Number of protein chains: 2
Amino acid sequence: MLHHVYQLGETLQTYGYKLTVQRQTVLDAMLKNTDKHLSAEEIFEKVKEINPHIGMATVYRTIQLFEKIGIIHQIFLNDGMMRYHMVNPDEKHEHHHLICEICGDVIDVKEDMLETFEEKLLLKKGFIVTNHRVKVFGICKTCAKKLEDEKKHNEED
Amino acid sequence: MLHHVYQLGETLQTYGYKLTVQRQTVLDAMLKNTDKHLSAEEIFEKVKEINPHIGMATVYRTIQLFEKIGIIHQIFLNDGMMRYHMVNPDEKHEHHHLICEICGDVIDVKEDMLETFEEKLLLKKGFIVTNHRVKVFGICKTCAKKLEDEKKHNEED
DNA sequence: GTAGATGCAAAATTTTTGCATGCCG
DNA sequence: CGGCATGCAAAAATTTTGCATCTAC
């Protein structure tokens with residue numbers, strides 16, 4: 001099963017926490033949705049689909065725990081609520097989020113691309129970067145193409 | 001007075017909103033604290049110091065309005081609540097926030113430094129950047145120096 | 001004068017907490 | 001078995017909203 005990749009039991013044990021059905025279920029729900037950025041409420045819904053007996057409070061406590069031990073990350077996508085997603089253990093730092101202002105799509109970018117930025121921060125500010133959280137607003141490829149097509153179409157009339 | 005720099009009346013008028021004592025007061029409160037990142041509650045407290053008659057609901061509505069017309073920006077600094085700060089009208093894009101993981105200090109960086117990053121996003125993802133919101137976690141200059149001094153000190157023992 | 005803004009209180013959300021019970025290690 | 005974890009419900013915290021009243025333009 002996928003979640004074994006995360007070795008939840010061992011990770012929890014390392015920090016002195018117990019592996020419970022509830023924690024495993026929250027992890028499973030999140031692993032089924034690695035492409036999405038789920039809110040606490042949405043995680044709760046997915047969890048209930050698997051095991052309706054699990055309570056909201058436990059989901060909140062589990063989310064907090066998972067954040068603390070670094071297997072999920074929190075992000076605020078400016079839509080009114082906190083959202084969460086799995087951390088890829090291979091990634092040295094958080095991935096970036098491109099938010100299209102036209103279609104609202106959120107694109108994950110795993111490549112760092114911030115080497116130059118980090119060098120500048122160290123040089124100019126003496127700040128040693130350990131992690132970064134980047135949200136980029138703009139126009140995605142698809143919407144940019146649509147806009148261009150529309151423009152062409154209008155010119156032809 | 002400082003707030004005239006923001007020409008609040010004219011800005012509001014442009015969007016069809018009225019200039020009220022309450023809105024002016026919220027702006028004044030924020031302008032007195034441009035070095036801080038205030039929460040809604042903290043803004044309310046500062047506002048009450050100037051005019052105790054203004055209500056919390058008005059502060060919330062004003063914050064939303066100010067965000068919409070772009071004179072303040074919202075940021076979530078991972079301390080459990082949204083925080084707000086004035087936008088410098090000279091800045092083309094939002095400034096970056098460096099968050100020291102040791103002392104908790106938040107350092108504003110006005111320089112962009114992301115030119116290379118934006119070029120890469122356009123080249124590799126076809127994404128046209130209009131704005132970005134960057135939080136950088138790490139060790140600030142002061143704390144880095146302290147750590148180094150301590151290390152030296154220990155080595156001398 | 002009139003549409004938009006405010007204040008208050010109530011409602012809606014979101015998150016946390018207390019405590020008896022359950023269950024992992 | 002002992003202590004951490006859970007479920008439930010209640011509380012706390014945060015934000016929004018309805019509505020009568022007020023006020024900027």
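Note that this is a predicted model, so its numbers are computed, not measured.
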Nucleotide of dG2(D), dC8(D), dT15(C) approaching A40(A) most closely (side-chain heavy atoms): dT15(C)
Measure the distance from CD on Q64(B) to C1' on dT6(C) and round it to the nearest whole Å. 15 Å
Check: R61(A) side chain, dG7(D) base, donor-acceptor under 3.5 Å: yes
Let me know the distance between CD1 of I54(B) and P of dT23(D), rounded to the nearest Å. 13 Å
Tell me whether the OP1 or OP2 atom of dT6(C) has a side-chain N or O from T20(B) closer than 4.0 Å. yes
Does a side-chain N or O from Y60(B) land closer than 4.0 Å to OP1 or OP2 of dT16(D), or not? no
Phosphate OP1/OP2 of dA5(D) contacted by R23(A) side-chain N/O (<4.0 Å): yes
Tell me which of E41(B) and K18(B) sits closer to the 5' end of DNA chain D, going by the nucleotide each one is nearest to. E41(B)
State which of dG7(C), dT17(D), dG3(D) makes the closest approach to the side chain of A57(B). dT17(D)
Output yes when at least one side-chain N/O atom of Q13(B) is less than 4.0 Å from OP1 or OP2 of dA24(D), else no. no
Nearest whole Å is fine: how far is dT15(D) C1' from E42(B) CD? 16 Å
Taking CD from Q24(A) and C1' from dC24(C), how many angstroms apart are they, rounded to a whole number? 14 Å
Rounded to the nearest angstrom, tell me the gap between atom CD in Q22(A) and atom P in dC8(D). 11 Å
Report yes if some heavy atom in the side chain of I54(B) is under 4.5 Å from a heavy atom in the side chain of T25(B); otherwise report no. yes
Calculate the interatomic distance between M56(A) atom CE and dT17(C) atom P; express it in whole Å. 15 Å
Which heavy-atom pair separates C100(B) from I139(B) by the least distance, and what is that distance? SG-CA, 4.1 Å
Charged N-O contact under 4.0 Å between K125(A) and E111(B): yes
Looking at every non-hydrogen atom in both residues, tell me the closest pair between E94(A) and H132(A) and how far apart they are. CB-O, 3.6 Å
Assign each of G16(B) and H53(B) the nucleotide of DNA chain C bearing its closest heavy atom; nearer the 5' end lies the nucleotide of G16(B)
Would K36(B) and E42(B) pass as an ion pair if we require N to O under 4.0 Å? no
Roughly how many Å is it from CG in L8(A) to C1' in dC24(C), rounded to a whole number? 13 Å
Nearest heavy-atom neighbours spanning A29(A) and N33(A): O-ND2, 2.8 Å
Donor-acceptor pair, H96(A) side chain versus D108(A) backbone, under 3.5 Å? no
Degree of bending in the helix from dG1(C)-dC25(D) to dG25(C)-dC1(D) once both end axes are built from five pairs, to 10°: 50°
Rounded to the nearest Å, what distance is computed from the OH atom of residue Y17(B) to the C1' atom of nucleotide dA5(C)? 12 Å
The single option from Q24(A), R23(A), K18(A) that satisfies side chain to side chain contact (heavy atoms under 4.5 Å, CB included) with L12(A) is R23(A)
Closer than 4.0 Å, any side-chain N/O of T58(B) to the OP1 or OP2 of dT6(C)? no
